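First the structure, in the form of structure tokens, and then the observations on it.
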Amino acid sequence: MAKALNGTKENPYLAHLPPDQRRTGSSTPPTVKEPLFGFLPRKVKGDQVRRAMEGDVNPFTKRPLSAQYKKILDSRKKLPVFTQMDEFYNTFSENQVIVMVGETGSGKTTQIPQFVAYSDLPHTKGKLIACTQPRRVAAMSVAKRVADEMDVQLGKHVGYSIRFEDMTEPGTTFLKYMTDGMLLREAMNDPELQRYSTIILDEAHERTLATDILMGLLKDVAKRRKDLKLIVMSATLDAMKFQKYFGNVSSKDSGSAPLFKVPGRTHPVEVFYTQEPEPDYVEAAIRTVLMIHRAEDPGDILLFLTGEEEIEDACRKIKAEADDLMNQDPEAVGPLTCIPLYSSLPPQQQQRIFDPAPPPRVEGGAPGRKVVVSTNIAETSLTIDGIVYVVDPGFSKQKVYNPRIRVESLLVSPISKASAQQRAGRAGRTRPGKCFRLYTEKDFMTELEEQTHPEILRSNLANTVLELVKLGIKDLVHFDYVDAPAPETLMRALELLNYLAALDDEGNLTALGSIMAEFPLDPQMSKMLIVSPEFNCSNEILTIVAMLSVPNVFIRPPNARREADLAKAALTVPDGDHLTLLNVFNSYKQNIHDKNWAWTNYLSARALAQADNVRTQLERIMERFDIELVTTQDQRKFYENIRKALVCGYFMQVAHKEGEKGSYLTVKDNQVVALHPSCGLETQPEWVIFNEFALTTRPYLRTVTEVRPEWLLEMAPSYFDLTTFPDGETKRALVRVQNKKMGKLPRAIDGQDQRAKKKQKKS
DNA sequence: GAGCACTGC
């Protein structure tokens, strides 16, 4: 039974004080101001909390509360969640798991964790409350806001934890905002998550890979740890699914976790559909933007398109046509600025979306208008105030995974209803707005999926499977997924991990696999990094891995392609793109004091700095496992050793040249591919390993390095076991290599191959 | 002779 904070022996609030300072056994009210007097952990009522919040002393720090605190408190009281505090405490006190629905503007992300703090009193027990976010910026900015609201310094009682930045103070921080991926990492080393009293999964409806895995883990942990509470916060449409999923955590629950619902605070948005389907959505979008500009009241426009090129193109066209309109009728049509927005834009240029709309061209003339043309980034990650009109063609680029050929690629696909709703909502942030959907109402009702498929169904799961095995989940097929991935996707992941020797034939984690899981990398990369000291090139592989983990460093402006290509050629290593990446990074470090070096060489300084950061992080992990950092002293072997180490990780991503036209076949999967035009190889070697299979205008291999076939046989004998290898030209080439290696004379191909050859001739 | 939706460890 929980005891109240009233000065009895069990008073956990005083446990940190020396015994003589504890007011034990006394029935007289405390002489010191104690804002949390009488608080029973997890039995707290709304009126108690409100009284504590209204006091003069910070209940958590015992310091006097500032005037700023009072001011923020007044604005907090106006939030919809705040008015439902009593209901929240009733639900929270009585249930281990609750699902909460809080629409945009309800204040759930900032308020609920604070409410929980008053109930859990985590600071008295050395525990923490965690609130996960899918994005780093959100974790950081919300933590800052909540620290202000609680009148504490960010990083003390309230902090955040994201990759590369831990803004928490052990022993002091009791409320921690963090990325979902970060909590998943923590779970790998503390599967019971003992540090936490309550875990809040925010934005669960986004269904990121990490949130989905956390839901499965936490459901299980909650069954074992009855003291752990969970709050799953989501948008309306998904709530029921989560309620059912968490329904059987406690035996007394009747198959459905309770729902706590808080309305949002947004303005109405009127939605319009087209009468007929639009054959060309970009053209229709441009037309609609111009129609709004001509005919609608002042207010900024947000247009959703799918990618960089499409956006830049549309911006040019909108600008040109809007200028025409204004010149034809300067009285009626105001000036228009068109601002592109996508993630690979430098942050400074992304800031332009917050610029005000242009003023009228002449005094008293038609007002100006701002049009933001954006990818999905404006759907969740970035909020632009002042948007009144949204134009939604109904498409976005989405990741899809094909386990059959093991290829992850981006495809332009129709969005979901939930996504369309989210987009429309962007028009109602500051005042009532309008949303123009460039598809018919019927298509909306019948063609669009309710929800975007969760990421777990659209991804290669090699990494996730390794993490799960490290977490002690043996039976991956029967893991309690919210949505189970395709069995074939799991099979592919297990197969890859087995070939990499991260898992043994029974699916158990090997010592190597255990170390691999510690690296925030794809298993192929952690494998080659771990084995690289054997080839005397761990310094170099570390750099290559870091470079492969950040966005493309090569910049190619449309108006300076030739110059950019020349700059790149000067840094190119002809044996392979991986080696070029190494060379670029080393040159960057050598010229680190020349601030213009990256710019003059058409390289992204931001991506290079990021690579440096990643490299440092990985280096620390290597140190922890005593993986040496070494460099080959024999210059003649320098590149060869690196290429051998690359094979140790990427032997399943090999292509063999077939014919003379530069066409390649991927080994075993037999996909016809070409080297990407950005590839820097000076010849077309017979054997290459590749980092990426890209499905764009046609299938391409990106980031390619030449390898020798005898290395394949040597480094990955089980994968290249010729007795089980599928017949074909690739196998015949490998047989020739093997025969030569074994000192045999070149001889006629064996019977099996004869048959294959005959078959090939026929077709 | 192309392009990189977005996020995360």
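In what follows, chains carry the letters A, B, and so on, assigned in the order in which the sequence lines appear, proteins first and then strands, with residues in each chain numbered from 1. From a predicted model like this one, the values you see are computed outputs, not experimental measurements.
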Quiz item: Tell me: CD1 of A/Ile213 to P of B/dT7, nearest whole Å?
Solution: 21 Å

Exercise. Consider the side chain of A/Lys399, meaning its heavy atoms from C-beta on, and name the nucleotide among B/dA2, B/dT7, B/dA5 that approaches it most closely.
Key: B/dA5

Practice problem: Measure from NZ on A/Lys470 to P on B/dC9 and round the result to the nearest Å. | Solution: 18 Å

Quiz item: Under the side-chain contact (heavy atoms from CB on, under 4.5 Å) test, which residues partner A/Asp565, sequence neighbours left out?
Solution: A/Arg556

Practice problem: Look at A/Thr380 and B/dC6 and indicate whether a side-chain polar atom (N or O) is within less than 4.0 Å of OP1 or OP2. | Solution: no

Self-check item: DNA chain B contacts among residues 302-319 of chain A, heavy-atom distance under 4.0 Å
Solution: A/Thr306, A/Gly307, A/Glu308, A/Glu309

Practice problem: Tell me whether the OP1 or OP2 atom of B/dC6 has a side-chain N or O from A/Ser381 closer than 4.0 Å. | Solution: no

Exercise. Between A/Asp565 and A/Pro520, just flag the one whose closest nucleotide in DNA chain B comes earlier from the 5' side.
Key: A/Asp565

Quiz item: Is there a donor-acceptor pair closer than 3.5 Å between any side-chain N or O of A/Thr666 and the backbone N or O of A/Gln671?
Solution: yes

Quiz prompt | A/Asn583 side chain to A/Leu571 backbone, donor-acceptor under 3.5 Å | solution = yes

Quiz item: With A/Phe625, which residues qualify under ring pair (Phe, Tyr, Trp, His ring centres under 6.0 Å), at least two apart?
Solution: none

Quiz item: Roughly how many Å is it from CD in A/Glu455 to P in B/dC6, rounded to a whole number?
Solution: 14 Å

Self-check item: No-H, no-angle donor-acceptor pair, A/Arg702 side chain to B/dA2 base, under 3.5 Å
Solution: no

Self-check item: Minimum-distance nucleotide to A/Arg185 side chain [options: B/dT7, B/dC9, B/dC6]
Solution: B/dC9

Exercise. Round to a whole Å and report the spacing from CD of A/Glu379 to C1' of B/dC6.
Key: 10 Å

Practice problem: May I have the distance from A/Ile456 (atom CD1) to B/dC6 (atom C1'), rounded to whole angstrom? | Solution: 18 Å

Self-check item: Residue whose closest nucleotide on DNA chain B lies nearer the 5' end, A/Pro677 versus A/Thr375
Solution: A/Pro677

Quiz item: The side chain of A/Thr179 lies closest to which of these nucleotides: B/dC6, B/dG1, B/dG8?
Solution: B/dG8

Quiz item: Within less than 4.0 Å of OP1 or OP2 of B/dC6, is there a side-chain N or O belonging to A/Ser343?
Solution: yes

Exercise. Provide the closest heavy-atom pair for A/Thr375 versus A/Phe304 in the form atom of the first, atom of the second, distance.
Key: O-CD2, 3.7 Å

Quiz item: Does a side-chain N or O from A/Arg136 land closer than 4.0 Å to OP1 or OP2 of B/dC9, or not?
Solution: yes

Exercise. Report which part of the nucleic acid A/Arg135 touches: base, sugar-phosphate, or nothing (heavy-atom distance under 4.0 Å, all strands).
Key: sugar-phosphate

Quiz item: Touch check for A/Leu209, heavy atoms < 4.0 angstrom, all strands: base, sugar-phosphate only, or nothing?
Solution: nothing

Exercise. Mind checking salt bridge (Lys or Arg N to Asp or Glu O under 4.0 Å) for A/Glu283 and listing every partner two or more places apart, or none if nothing turns up?
Key: A/Arg287

Self-check item: A/Met178 CE - B/dC9 P separation (whole Å)
Solution: 10 Å

Quiz item: Looking at the side chain of A/Tyr342, which of B/dT7, B/dA2, B/dC6 is the nearest nucleotide?
Solution: B/dC6

Quiz prompt | Distance in angstrom units between A/Asn613 CG and B/dG8 P, rounded | solution = 14 Å

Quiz item: What residues, two or more places apart in sequence or in another chain, satisfy side-chain contact (heavy atoms from CB on, under 4.5 Å) together with A/Glu450?
Solution: A/Leu237, A/Lys417

Self-check item: side-chain hydrogen bond (donor to acceptor under 3.5 Å, both in side chains) partners for A/Gln617, two or more places apart
Solution: A/Arg163

Quiz item: Between A/Glu408 (CD) and B/dG8 (P), how many Å, whole number?
Solution: 16 Å

Practice problem: Looking at every strand, decide which applies to A/Arg207 at a 4.0 Å heavy-atom threshold: base, sugar-phosphate, or nothing. | Solution: nothing

